[in-house]
Amino acid sequence: MNSLYLLRGPISLRAFNFIKIANQTAQIQNAFIRRPLQFRRVLSSVRATRDEELAAIAAAPNANSGAPTIFDKIISKEIPSSIVYEDESVLAFRDISPQAPVHVLVIPKLRDGLTQLGKAEKRHEEILGQLLHAAKIVAEKEGISDGFRVVINSGASACQSVYHLHLHVLGGRQMKWPPG
Ligand code: 5GP
């Protein structure tokens, strides 16, 4: 047994690891070069998810304080929004950060304690029905009646970031299941 034989094991292991790392690097570079669009999409969806989680964490302490939200300013038209549908009880406007080709928020004009769905009471039955009906009208107006999703995030662990009940109406692309 000579000294070269003793070195063979560790050296071949190092060589193997080097080849493995080089391969992985090449795969990542390939993905970057050959499929930059998919790569950017994955990165931006990871970033969007993280942003939503951070916004939800930031909003949680004031969740049920009754403090006004950004939606009050949208209702009063102090802040401009792209309105899709409006009646005396309900306002529907495009989400500022759309997660689908169609992403519309449907909200009650009068919050009346409905900071989140988890706070709904018997007296809210009528407005809850009106919101769902408005979601259907929005889907029709946006041409997505054949397939759309309605989401309500209730509470911080569901990623709610604005404490004024709202329905997300999403469509215009194939939705995935289960949701994240
Ligand atoms: P949540 O995370 O509470 O379920 O949804 C709140 C939604 O409100 C988010 O999708 C967010 O993009 C949207 N949003 C927040 N601020 C504004 C705004 O100033 N204008 C509009 N149009 N949407 C907003």
Side-chain angles (χ1 to χ4, degrees), residues 37 40-121 123-145 147-180:
L37 200 65
R40 259 182 275 141
R41 265 192 215 133
V42 171
L43 282 182
S44 81
S45 81
V46 168
R47 239 177 266 138
T49 307
R50 192 72 197 122
D51 288 350
E52 271 297 298
E53 286 170 22
L54 291 174
I57 290 165
N62 286 325
N64 295 300
S65 67
T69 74
I70 192 84
F71 291 173
D72 288 291
K73 292 188 174 172
I74 288 175
I75 293 166
S76 67
K77 318 256 162 80
E78 202 179 318
I79 288 182
S81 68
S82 172
I83 294 174
V84 176
Y85 171 77
E86 181 172 14
D87 62 29
E88 59 180 23
S89 318
V90 167
L91 182 68
F93 53 96
R94 293 188 200 288
D95 196 295
I96 203 167
S97 172
Q99 303 302 313
V102 174
H103 186 172
V104 175
L105 300 173
V106 182
I107 67 172
K109 284 185 172 171
L110 185 66
R111 186 168 59 171
D112 184 25
L114 275 176
T115 48
Q116 58 185 109
L117 186 61
K119 297 288 171 191
E121 292 176 13
R123 70 191 158 90
H124 294 123
E125 275 178 354
E126 188 180 355
I127 185 64
L128 291 172
Q130 287 171 327
L131 289 166
L132 274 180
H133 187 241
K136 177 249 180 189
I137 294 171
V138 166
E140 273 172 3
K141 279 176 161 278
E142 294 293 298
I144 54 166
S145 294
F148 63 97
R149 182 172 288 173
V150 177
V151 174
I152 299 175
N153 298 322
S154 185
S157 58
C159 263
Q160 182 173 2
S161 61
V162 179
Y163 281 86
H164 182 130
L165 176 69
H166 51 281
L167 281 59
H168 296 257
V169 180
L170 299 145
R173 66 165 164 82
Q174 179 59 52
M175 296 293 158
K176 306 278 185 251
W177 196 262

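Counting starts at 1 for both ligands and their atoms, following the listed order. Predicted model only: the values in this text are computed from it and were never measured.
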Give me the residue, atom name and distance of the protein heavy atom closest to [atom].
atom                    : value
atom 9 (C) of ligand 1  : Asp95 OD2, 3.3 Å
atom 1 (P) of ligand 1  : His166 NE2, 3.1 Å
atom 14 (N) of ligand 1 : Ile96 CG2, 3.9 Å

Could you check if a side-chain atom of Phe93 sits within less than 4.5 angstrom of a side-chain atom of Leu91, using non-hydrogen atoms only?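 Side-chain contact under 4.5 Å: yes.
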Quick check on contacts: which atoms of ligand 1 are under 4.0 angstrom from a heavy atom of Cys159?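 Matching atoms, with element in brackets: 1 (P), 2 (O).
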Which of the ligand 1 atoms, numbered from 1, are nearer than 4.0 Å to a heavy atom of Ser97: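 Within the 4.0 Å cut-off of Ser97, ligand 1 contributes 12 (O).
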Pick one of side chain, backbone, both or neither for how [X] approaches ligand 1, counting any non-hydrogen atom pair under 4.0 Å.
X      : value
Leu105 : side chain
Ser161 : both
Tyr163 : neither
Val151 : neither

Min N/O separation [X] to ligand 1 under 3.5 Å:
X      : answer
Asn153 : yes
Ser81  : no
Arg94  : yes

Count the heavy atoms of every other residue, nucleotide or ligand shown that sit under 6.0 Å from NZ of Lys119, and state whether that count exceeds 12.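 For Lys119, atom NZ is not crowded (no more than 12 foreign heavy atoms under 6.0 Å).
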Look at Arg123 together with Asp112 and state whether they make a salt bridge at an N to O cut-off of under 4.0 Å. yes
Determine, for Glu142 against Lys136, whether the closest basic-nitrogen to carboxylate-oxygen distance falls under 4.0 angstrom. no
Begin from the C-alpha positions of Glu52 and Asn153 and carry the test side-chain hydrogen bond (donor to acceptor under 3.5 Å, both in side chains) through to its verdict. CA-CA 11 Å; Glu52 271 297 298; Asn153 298 322; 5.1 Å; no
Say whether, by atom type as modelled, one donor and one acceptor occur between the side chain of His166 and the main chain of Pro108 under 3.5 angstrom.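 No; judged by distance alone, with no hydrogens or angles, the pair does not exist.
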Backbone of Ala100 reached by a side-chain donor or acceptor of His103 within 3.5 Å: no
Nearest-option assignment for atom 20 (N) of ligand 1, heavy atoms, candidates Thr69, Ile70, Ile74: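 Looking at heavy atoms only, Ile74 sits closest to atom 20 (N) of ligand 1.
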Answer yes if the side chains of Asn64 and Gln116 hold a donor-acceptor pair under 3.5 Å, and no otherwise.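 Gln116 and Asn64 do have a side-chain donor-acceptor pair below 3.5 Å.
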Is it the case that Glu140 and Ser145 place a side-chain donor and acceptor less than 3.5 Å from each other? no
Below 4.0 Å from any atom of ligand 1, is there a heavy atom belonging to Lys73? no
